[in-house]
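Here's the structure, in structure tokens; my notes come after.
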Amino acid sequence: MEKLNIFTDEQLVKMAQEGSLTAEEFLIEKYKELVKERSRSYFINGGDTDDVIQEGMIGIFKAIHSYDEEKEASFRTHAENCIKGQIFNAIKGANRLKNQPLNESVPIEEDDTFVWEGENPEDKLLLKELMGLLKKNFSKQESQVLDLMIKGNTIGEIAKILDKPYKSIDNTMQRIKKKVMNIF
């Protein structure tokens with residue numbers, strides 16, 4: 001991969017757009033630090049620093065596949081715009097009221113008992129029953145994704161654990177959110 005240093009970013013993008021995974025991986029690795037730098041000052045409601053970085057990395061991926069050298073902008077400029085745009089869209093999406101139930105969800109420990117700061121056993125029981133009600137309305141994949149999400153995994157991590165495409169997990173999370181909203 002070090003041999004790719006002799007190419008410009010624009011040449012590497014063209015190679016990636018023509019199907020070179022090596023060129024694509026090289027660009028993603030090259031711009032990873034830029035993503036981390038741009039991600040530092042942002043926060044996604046219900047997420048953590050890794051979620052912001054993940055969104056920025058999606059921005060890089062989109063930049064590689066949407067870059068048009070005829071638009072007279074350097075790839076770096078295009079990449080910075082795609083990173084910011086992806087992060088802003090994620091922040092806006094997380095701040096929508098329809099996402100509030102999942103953003104404020106209660107984490108569950110490995111043994112399926114609720115982590116709760118209060119001592120009220122009635123609240124604990126109510127929350128456990130609520131999770132049971134929710135899971136009855138979910139498919140097997142939706143239940144798996146919900147469990148992994150509650151344990152703090154990002155969409156990318158869940159995709160790797162379940163060996164599914166990122167978009168498939170993202171779509172599953174959207175279905176979960178819709179079902180939660182319909183239940184309430």
Roughly how far apart are Gln17 CD and Asp68 CG, rounded to 0.5 Å? 8.0 Å
Passing option when Met149 is tested against Met173, Gln144, Glu157 for side-chain contact (heavy atoms from CB on, under 4.5 Å): Met173
Output, in order, the C-alpha distance, side-chain angles, deciding distance and verdict of ring pair (Phe, Tyr, Trp, His ring centres under 6.0 Å) for Phe88 and Tyr42. CA-CA 9 Å; Phe88 287 158; Tyr42 299 106; 5.4 Å; yes
Between the side chains of Gln141 and Thr172, is a donor N or O closer than 3.5 angstrom to an acceptor N or O? yes
Does Glu142 reach the main-chain N or O of Ser139 with its side chain, forming a donor-acceptor pair under 3.5 Å? yes
Same cluster (ILVMFWY, side-chain, under 4.5 Å), Val13 and Ile6: yes
Quickly, which of Leu162, Thr154, Ile155 forms a side-chain contact (heavy atoms from CB on, under 4.5 Å) with Ile158? Name it, please. Leu162
Test: Lys14 and Glu10 ion pair at under 4.0 Å: no
Which distance, rounded to the nearest 0.5 Å, do you find between the CG of Leu4 and the CD of Gln11? 10.5 Å
Closest approach of Ala23 to Ala16 (non-hydrogen atoms, all atoms of both residues): CB-N, 4.0 Å
With sequence neighbours left out, write down each residue that passes ring-ring contact (aromatic ring centres under 6.0 Å, His included) with Tyr67, or none if nothing qualifies. Phe75, His78
Above 12 or not: heavy atoms from other molecules or residues under 6.0 Å from NZ of Lys30? yes
